[in-house]
Amino acid sequence: MVRANGAVSLRELARVVQTSEVTVRRDVRALEAEGLLDRRHGGAVLPGGFTRESGFPQKSHLSTAEKTAIADLAAGLVGEGEAIVVGAGTTTQELARRLARVPGLTVVTNSLLVAQALAHANRVEVVMTGGTLRGSNYALVGSGAEQSLQGLRVSRAFLSGSGLTAERGLSTSNMLSASVDRALVHAAAEVVVLADHTKLGSDTMFQTVPTELITRLVTDEPPLHDERAAAELQSLADQGVEVTVAGPDADASGGDGPPPGGRPRRDMPLPGQRRTQNGGLGPQLRSASALTDVSGEQRARVADLRRR
């Protein structure tokens, strides 16, 4: 499976072979010892995967349910008449499919896949950057893409990547992609990172968004045994990132929108507020004192993360 796809998550591997993730993890360690693959947080890749980037066909088959849940939540952050930028990636492509119903929306993107998802949305205006086509992820990169973003200002940037850590922020395996993503960040007042739990704790070559510039992380619920992902979420929250976690049934709508009764979500309260780029306190960031104002489910989640 790793040879065919370039990468595979432990959760999906366990489902395919009909065994537990504990058993899969043990077998993956044995295969790594034989030099047949490299372990990554939440999955495995071909040897040398730190510098290798999987192409779109490989990425599109990984963590599909998680990406659907994340896209459902992220779409709820976008309001009528907004102007946003959306970066390249399979998760942002899922987001774009849901944005097609937002009236008056303007989307600036360097992704052909994002543009294609919005091509028939008659109430959404799509603005594409210039640049050179990078075939592995159907994105426009290079100086042409970066120059077309100069002077642009939008409300939010939605970005994905190859890895996310509290220490270094969002990163990717390709230098040209990282450079364009940094230009997208510079154009936005807020930065929203879309990353499933398998990317938490993973670090790749090129930093795109340092942690202090990430306004919000939208992710899925890590497995109960995944202490590393839970600890990474808490560390990100400690540094001022608002963490929104999709519940396990967040994809119950079948990918066409949030389930009845609202989107399952948990906004983790933060130990302290962080100043925005213009010097003001971000209204979306809540202090530890806000623990008394959140639901019992949220308090239990934070308490569980702190114990871990």
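Basis for what follows: all heavy atoms, side chains included, without hydrogens, waters or symmetry-related copies.
V22 and L10 fall into different hydrophobic clusters, where Ile, Leu, Val, Met, Phe, Trp and Tyr are joined by side-chain heavy atoms under 4.5 Å apart, directly or via other members.
Put simply, CD on E232 and CD on E167 are 9.0 Å apart, with the number rounded to the nearest 0.5 Å. S202 contributes atom OG, which lies 10.0 Å from atom NE2 of H197 (distance to the nearest 0.5 angstrom). Rounding to the nearest 0.5 Å places CG of L118 at 11.5 Å from CD of E125. One distance of note links CD of Q207 with CG of L213; it measures 8.5 Å at 0.5 Å rounding.
Look at R11 and E66 and you find a salt bridge, because one of the NZ, NE, NH1 or NH2 atoms lies within 4.0 Å of a carboxylate O, short of that distance.
The closest donor-acceptor contact from the side chain of S235 to the backbone of A231 lies under 3.5 Å. The backbone N or O of A100 lies less than 3.5 Å from no partner atom in the side chain of R123, so there is not a single donor-acceptor pair. Listed for the S111 side chain is no donor-acceptor partner under 3.5 Å among the backbone atoms of A139. Formation of a donor-acceptor pair under 3.5 Å by the Q239 side chain with backbone atoms of A166 is found in this model. Between the side chain of R98 and the backbone N or O of A74 there is no donor-acceptor pair closer than 3.5 Å. For the pair R216 (side chain) and L194 (backbone), a donor-acceptor distance under 3.5 Å is absent. Panel note: side chain T109, backbone G87; no donor-acceptor pair is recorded below 3.5 Å. The backbone N or O of D181 sits nowhere less than 3.5 Å from a side-chain atom of T208 that would complete a donor-acceptor pair. With D220 contributing its side chain and A246 its backbone, the two residues share no donor-acceptor pair below 3.5 Å.
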### Steps toward side chain to side chain contact (heavy atoms under 4.5 Å, CB included) verdict (T165, L170)
CA-CA 7 Å; T165 65; L170 189 67; over 6 Å; no

### Query
side chain to side chain contact (heavy atoms under 4.5 Å, CB included) between N137 and S177: does it pass, once the steps are laid out?
CA-CA 9 Å; N137 64 345; S177 295; 3.9 Å; yes

#### Entry: Intermediate values then yes/no, side chain to side chain donor-acceptor pair (under 3.5 Å), E146 and S179
CA-CA 8 Å; E146 296 171 41; S179 186; 2.7 Å; yes

### Task
Walk me through it: do E94 and R97 pass the test salt bridge (Lys or Arg N to Asp or Glu O under 4.0 Å)?
CA-CA 5 Å; E94 287 294 325; R97 290 169 178 158; 2.4 Å; yes

### Task
Run the numbers on M128 and L112 for side chain to side chain contact (heavy atoms under 4.5 Å, CB included), then give the verdict.
CA-CA 8 Å; M128 295 208 66; L112 298 186; 3.5 Å; yes

### Query
What's the verdict on side chain to side chain contact (heavy atoms under 4.5 Å, CB included) for V218 and F158, showing C-alpha distance, side-chain angles and the deciding distance?
CA-CA 10 Å; V218 183; F158 291 87; over 6 Å; no

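Of the N and O atoms on the side chains of E190 and S155, not one donor lies less than 3.5 Å from an acceptor on the other residue. No side-chain donor-acceptor contact under 3.5 Å links T204 and S162. Side-chain contact, T219 with K199: no donor N or O sits under 3.5 Å from an acceptor N or O. Side-chain polar atoms of N174 and T172 form no donor-acceptor pair below 3.5 angstrom.
Remark: V102 engages V78, L99, L105 in a side chain to side chain contact (heavy atoms under 4.5 Å, CB included) (not counting sequence neighbours).
Each of T90, D196, T91 was evaluated against K67; a single residue qualifies, T90, per the side chain to side chain donor-acceptor pair (under 3.5 Å) test. Applying the side chain to side chain contact (heavy atoms under 4.5 Å, CB included) test between L164 and each of L233, T211, L236 identifies L236 as the sole match. None of V108, V114, L159, V107 except one satisfies the side chain to side chain contact (heavy atoms under 4.5 Å, CB included) rule with V85; the exception is V108.
Taking a 6.0 Å sphere around CD of E32, one finds it holds more than 12 heavy atoms contributed by other residues, nucleotides or ligands.
Nearest approach of L77 to V192, heavy atoms of both residues: CD1-CG1, 4.1 Å.
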